[in-house]
Amino acid sequence: MDGAKVREFFCKIIREDEDVSVGVAAIRTLMEIIKHSKSETVQELETNLKDGINVMKNTDYPVAAINSGCELFLRFITLAALDTRCFSDCKKIMLDRGHLFIKKLDEARGKIVRLASKFIEDGSKVLTHSRSRVVLQTLRKAHKQNKRFEVFVTISAPDNSGKQMCKELQAEGIPCTLILDSAVGYIMEQVHFIMVGAEGVVESGGIVNKVGSYTMAVCAKEMKKPFYVLTESFKFSRLFPLGQQDLPEEYKFKSSVRKSSDLKKVHPLVDYTPPAYITLLFTDLGILTPSAPLSTYKNIIWKSIMNMTPIQDVLIMDH
Amino acid sequence: MLRKESQMVHKENIVQAIVLTDTFDDEFLPISEHLPHALLPVFNRPLIDYTLEFLSLGGIEETFLFSSAHVEAVKRYVNKCIENGEGWTLTMKVNVMVSESCRSFGDCLRDLDAKGVLRGEFVLLEPGTVSNVDLLPLLKKHNITTKSDKGCAMTLILQESAIRGIGRCPHEELLVATDSHSKLLFYKKLGSSKDNKLEFPLEIFLDNASVSLHHNLNDTHMAICSSSVLPLFSDNFDFQTKDDFVRGLLMNEEILGSTVYCHILKGNQFAGSITNWRMYQALSYELRNNWVHPLIPSTKRNRKLKNDVFIGEGTKISETAELNDAVLGDDVALGKNVRIEDSFVFSNTKIGDNVVITHSIIGEHCTIQSGSEITSGSILENGCVLEKDTFVKNSLLVAKIPDNYENGDKLADKAYRLRIFPDEDDNISINELDRKLSRLDIGDFNYESDEIEDAFSDSGDEQLSYTQTPPPDDTKLFYTEVIDSLTRGLEDKLPCDNLILEINSSRYAYNVILKEVNFNIVKAVLILSLRQPETTQYFGNLSRVLTYFAPVLKNYIRNESAMKDCLEAIQDVAVSSESLHEKCVTFILQYFYHKDYISEDAILNWFSTLTTSSKLYKQVKPFTDWLKEAEEESGEEESEQ
Amino acid sequence: MDKMKSKASTDGSTKKEKKNKRKQSKDSQDDVKPISNEVSCEDNKNELVDEKNDSTKNDATAQKLSEKELRRLEWEKKLQSQKGDKEVTTISNTKTTQQQKQLSEKELRKLEWEKKLQEQKAGDTANSALSKAELKAKRREQQEAQRQAKLAAEKAKKPPSTTPTKDTAKEVSKVEKKTVPKKETKKIIDLHRVQLVQHLYAEMPQKQDSKLLVYNNIHPAFVKLGSQYLNKTILGSNARTLALMAALKRLIYDIQTPPKQELCRYLENVLQTCTNFLQNCRPFAVSMVNALRNFKLHSTQIDTNLIDSEKKARLQDIIDVYINDDIYKAGDAISLKVNEKISDGDVILIYGCSSLLKKILVDAHKDGKKFKVIVADCRPLLEGKEMLRRLVVAGIKCTYIFLNGASYVMNSVTKVLLGAHALLTNGYVMSRIGTAQIALVAKAYNKPVLVCCETYKFSERVQTDSFVYNEIGDPDLLSKTPGTEDPSPLSKWKENNKLTPLNLLYDVTPPDFVTAVVTEIAILPCTSVPVVLRINAIDTT
Amino acid sequence: MPDVENLLDIRRLISDIQHKKLVRSYDIALRTEELLEELISKGQWKSAKELMNLVKTRIQLVRENLPQEATAPNIMRHTLKVIREEYQSASKKKDEGQSLHELVTATPSNVLDYSDSLIDLRSSIVDHLTEYKVELESSSENIAAQALEHIHTNEIILTVGKSKTVEKFLKRAAKDRTFNVIVVEGAPLYDGHTMAASLAKSNIQTTVIADSAVFAMMSRVNKVIIGTHTVLANGGLRAASGIHAVALAAKHYSVPVMVLSHMYKFSPTYVGSPNHEAFNVCVSPAGVIPYATGPILKQIEVYNPVYDYVPPELVTLFISHQGGNSPSYVYRLLSELYHQDDYDL
């Protein structure tokens, strides 16, 4: 299964299925690869997969999700490889684990929605950024529990994904207002809390998300509004960015752009929001508190050495 | 099983309570026709439920429900609760007692005495009591009193409240006199009696070192009784109600040799009793506002919406509905643009479009068709059906034809007016008194607010007053002081200049401006002098008093402006006191004129200011005319010379 | 004269008599025009005398008796009556002696009086009017003598409150309780002072009565005022200032300059003693200090060769102007400014009781703004209740909470309005204790906090904590708990010197909690207080 | 409810709490623990699963009847954890845990559903519980024992209202050190007065102030030491009303705020907003404004909230019997105390 095929398949999933997040799509693609791969040994297979991953990374979809998703998946593959002897059934195991894995992922969102929808009260005003499936579903759920609330969505340039979000909400009959990204500060005063999704959650407890989230978080902090992040746990990735510059290029820019020389001139797709600005993380593992503000250097060292942020706890369990 | 449990737990000296479930009056007509008082829904939960919960929280271990009407319903309900293991069933044993024969409170107690289920002291509740009082301490207190006073039969529990307070029902105005040990000396339900006069037997004050009178109390209809109470009832068949009982004991204390004490609830403790619709309304209010906490309208049964609206399960509120201070039962169907204020709608009632309901109570299974309006204390019996655009005001409606049916009472074939009070006429406008005594408290705040106004302006402290010092209240005080000193002067014939000194000093005490001084003093004098018995020599007395105060008057009415003040004072008095004798004004004017306190011109000027229509004008007219012509005459004479 | 006689004769009035009576009076008026005003002024001063008996009537009618004699006679009368008064109000010997002293000095003054009158008699009718005025004044003086005696007597009987307090009975009993162990309690009090606040003025209930008695020769208006400050019947800087001004006016009205003294000078001294007395009752509020300063400043500017009555007039309207401009007009201006900021659907949190806030809210309500008010309140003073009542009476929808509940409601609040005791140069707001806390919570929920304050409350003082300058209220107020029957475990705090209730009266709010200060000049940030002070300084000089 | 009898124990507990027979959280904790021991040793259950269900139903019941009550459910939650552990150790099965990895690798064979009955489970759980009970009883002692680590000579300590734990803590410290305590009276309960009186008795220089004076005094305070009703999962507090303001003031003057809390007060719940019905409760207004105030009451609203929500950033330190922890560590304590699955019951 060559690169072209992979890309084509990957894009197809995303195009066709609205509700599938990029991460899941990536994993599905990997499954596909495993199915069709002619390779005879685990190593070969892995190399195939790796190639596949690279291919996907080079598509114009947010890399963060792809990365963490695949990373996780690969890990299981390797594990699977350990406790089987012949390759054929190893492959088999891989496949059904894959399925199980995807199943779990699908459930995950439901869990999050259940947790988060409790936090939407009658008559509250919610601010959200860009388009996030989890947030969307949460709001839907709350609406179904016939709570009356109002939503503000940022238009979120460059891709204006906010517009779509707004449309979808209005379709549900949820009162919804589209606002400029630059109007965040203005609107912040009247909203009760912020709910955003995330493309990736990093070890520090911070998140990587559509550019503008950071601005929003900082603003929220200043105005003392809770900043909630809704995200599936497969988006946790082993990464400890110390700041915006520290984020890997591939996260920040589309592959196409990356190739073109001067990145200073290009707008990043994502930014990194440190945990200090996040009130709560809603994950399928329950509600997590991002660790204490990583304000002091000492703090950072301590944390990174002892793997003690909640996120790291989860990750450690996985390794 | 459960019952056994609770029995096992406490063998010795069980704390007992009696709850009567029937009001032996028609206060709750027409709803009470079909619905026992005990099961009256309060926030969609039967009244008795609150009472029982309160009792169990209050530490009662065994309760006797004594009912003589709708027995089955009550029984059924209680048993249901026990099956479902409601909170109170755990710690309290409840038995329902039946006696169809009873026709009054007294009968019930006599019957109880016969049954002899009670040992020792017990708590006696009249129907509909809701409270959060911890009863055990009260029982202890009662116990102690009985130790000191063998005769102590009963401790009444009274709630401290305020005049015109929320849960204060004009039907139950209560006046109580107690001695220092809070032993009851005098007890009177003023009720809705119009006469505002009250006589205390003198011996109250003769026999006791200290007597405290309370007028700020509500009867909670709870009492703690010694075992002697029941026999007392049996012995005296004329005791029909608790009030009879209390009054009886007070009247012939020495004969019956038993006394009544009272305990006054303060602070967090609250108790009230739903004895009529008004109290129903009041207590709902208090429940809603947590006054009876921990007893609160259960959130399981109700959903609380904004501006104090509670709705039961299965009730849908359309966006267009305009609700305020309303309690809706289960499965109430509301049409479009319905307006409901300060009202209670019981379960399964259908309300059409554009219906307006204010200060009313709608029974279960009623149907109110679109466009109808129900206002000012109307009460609909279960199952009434109102046709389109019916207008109901201040009346009771029943579904079936009432006995005293008169034509014109029929509104629809399932809605008839019910007449209880002969004087009741449906299309009378609600005037103040009706408002006070109507079945429901028909909200009307302004009179309260001005009541408050003077409540604190009387208090006489000018703290933070934004007004110029001296503030008005001071002059008021000044006035009262003047009155005092003058009356004193009049009684023990003090020399007037002392009076003047006093007045002056108090004048400076409240530093009152000269104008006010003159005005108030004259007014005071007049008021005093008018306080004469309406006898034949009325004017004689009048002039006597006036002459006595002559020096005072003379001292203050000195120049034109003073005269003006004086006249204004006269006017003020004349206008304010209706009782003022017809001729009085003229008489006084004449008197003042002759004594030359006030000059002719002053009078005339003043007279010209009067509105020709006013009563005063007519009274003064002849006098002034006379003055005028006198003037002319004198003019002539001069010309003659 | 005949007028009188005829009057005496007339009782049942027939027209005939009336007629000629009127005639007589008429021509009497015609021919004795010149003396007419004397007549009037005469029976003016007779007010104490003539009621005594007919004899007085006679000598009242005896036209030709010289003023002097008349006055002496009247003076005797007064003495008598005063003695009578003395007997009526039975008071301790100390009192009587003191009173005697008053009387004696009164006598002195009287003599000066008569001299002065002499001179004036020499003068023509123009200043007879004046003499009249002064006669009035004198009369008033005498009555004060009465009143002061009375007052003192009252003090002797029941310590505080010349104003009727609701339960004087209780008061009395309380004081009696205290006065018995006066000595040791006092010691304990000192023991009981928290080190932090040793330096502060502390109100000690058991000294209240004595306080008022140490001074004599204070104008009654001030004595009254003092006691009102002392037992907090007058509370809040506006009210206190107004009351002070009123008393001052009274004083000016009554004051008599001794011979060869300049009124303003003399007044200043008198005022000094009075203010000392007040200070002793309760330290001045900043607003009062400012008001007094302003008064003194202007009083010096009056040219000295006016006659007293005119000076008085000037002084009077100095005060009036001040009250009107710096307090009332300022209030209106502020109210206007704030009302621009109040919009429909607002939920406004206020704390305690402030006349200014009340005015503002009521005005806003009158403008038909639809808003809710949450009144926060705190022990021991519970002023908020008063505020609540006033607002409810004005028909404003109110909610009442304790300070503890502030965080609970703050979410729903849209604006916080606060009154101020004083605004300090470093931008700190000094106000009723607890205000800072409200501001703090408001900040936490970032709600706008507006402090309403007339510029006359601005002060040059600089202060960063609530200890350097503050007052300590009656600690017993804390140990009383409302509602509960059983006394609080604190009630016996005096026995245990480890236990101390502390009842501070003011606190200072740092400027960073305050969004803006609303003054009659403008809405400004706290930090620009000094600027305003400068401006004031300039235009006052 | 069909099996009323079985639930009688818990319902009695509930009614006792309602009847104010049990007031202090400590008593409630003990009582609950005993109740559970009873249940485990005597109750008829075959497998751990059944037992857990029994406990869970009880938790639900408490939740329904006493939404504010935290102690009892927490104790029971912990017991659930105990049961799980015992079961696992008994049946050599590992908990499938939360991590995806295990989710995936888990094969039907070794999924543990606590279903199969084990012989010595009962006894082992009981043993474990008895240990726990000892822990409970010694808890406040252990907390008090740390007093000297936190209080130095001549410092001024501010506390609010009345808390047995705090009282003990301070008195212990007072044995060897002299310091001043400022007690905030805590309207409308005024239990600060009792606190102050008892502190003064044991010779601590005590000053009582009204709630309004907190900010004024705070500038001189070195430490704020308070108790709490509940510690929430995010490290926030549900504490007596008024404490939020105190904490804010402390923050403003950067005075450390120490919260003394027993383990059973840590509950794995989050709050959306402080005014959430489930979070706060308003009791009778009588505490704020007497009923006798009169007609004016009809026209005003009066709130008398019992609790305040104190966000974690205002708390400096939690002192439990295990020692001090920062709020950010609470989630960790929780995962030690309770099992993930039992968080929201």
Side-chain angles (χ1 to χ4, degrees), chain B residues 1-2 5-6 9 53 56-59 82-92 132 134 136 159-168 216-218 264-270 272 282 285-286 289-296 299-300 304 308 441 443 445 447-449 451-452 455-456, chain D residues 1-23 60-69 187-191 275-306:
Chain B
M1 168 68 193
L2 217 180
E5 260 293 343
S6 44
V9 178
E53 187 177 345
S56 79
L57 288 178
I82 291 170
E83 262 147 38
N84 304 357
E86 294 283 339
W88 45 265
T89 53
L90 276 172
T91 52
M92 185 171 70
N132 61 359
D134 185 0
L136 297 179
Q159 165 73 47
E160 185 186 43
S161 159
I163 316 297
R164 296 242 204 82
I166 330 158
R168 188 162 170 92
N216 63 338
L217 300 177
N218 292 357
I264 295 172
L265 296 177
K266 289 202 183 70
N268 287 340
Q269 304 216 303
F270 173 86
Y285 169 89
E286 274 140 9
N289 293 285
N290 292 335
W291 284 104
V292 205
H293 192 277
L295 264 64
I296 45 171
T299 45
K300 257 181 278 165
K304 190 178 188 312
D308 300 324
D441 174 11
F445 288 151
Y447 75 87
E448 279 161 1
S449 38
E451 189 262 348
I452 297 158
F456 74 83
Chain D
M1 246 166 272
D3 55 349
V4 175
E5 289 79 354
N6 309 3
L7 289 174
L8 196 60
D9 50 0
I10 190 67
R11 306 173 99 263
R12 177 131 295 135
L13 172 66
I14 291 169
S15 78
D16 282 359
I17 295 172
Q18 283 172 334
H19 288 51
K20 304 271 184 292
K21 285 183 193 149
L22 293 174
V23 183
Q60 251 110 32
L61 208 60
V62 176
R63 284 304 208 69
E64 282 168 19
N65 293 292
L66 305 164
Q68 261 68 37
E69 174 56 31
L189 296 172
Y190 308 112
D191 47 9
N275 307 47
H276 209 285
E277 289 83 0
F279 178 80
N280 212 333
V281 57
C282 284
V283 295
S284 163
V288 177
I289 189 165
Y291 183 73
T293 309
I296 190 173
L297 288 177
K298 210 184 283 177
Q299 296 160 68
I300 62 172
E301 290 177 83
V302 181
Y303 296 123
N304 185 1
V306 178

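Within every chain, numbering begins at 1; the chains are lettered A, B, ... in the order of the sequence lines, protein sequences first and strands thereafter.
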In Å and rounded to the nearest 0.5 Å, what is the [atom1] to [atom2] distance from [X] to [Y]?
X        : Y        : atom1 : atom2 : answer
B/Leu57  : D/Lys20  : CG    : NZ    : 8.0 Å
D/Ser284 : B/Glu286 : OG    : CD    : 10.0 Å
B/Ser56  : D/Gln18  : OG    : CD    : 7.5 Å
D/Asn304 : B/Asn289 : CG    : CG    : 12.0 Å
B/Asn216 : D/Tyr291 : CG    : OH    : 11.5 Å

Subject >> Contact check, side chains of B/His293 and D/Val281, non-hydrogen atoms, under 4.5 Å >> reply: yes
**OP:** Could you have a look at D/Cys282, D/Pro290, D/Pro285, D/Pro188 and say which one has the most heavy-atom pairs with chain B under 4.5 angstrom?
**Re:** D/Pro285
**OP:** Taking all heavy atoms of D/Leu297 and all of B/Tyr285, pick out the closest pair and write down the distance.
**Re:** O-OH, 2.8 Å
**OP:** Output all residues satisfying side-chain hydrogen bond (donor to acceptor under 3.5 Å, both in side chains) with B/Glu160, sequence neighbours left out; order by chain, then residue number.
**Re:** none
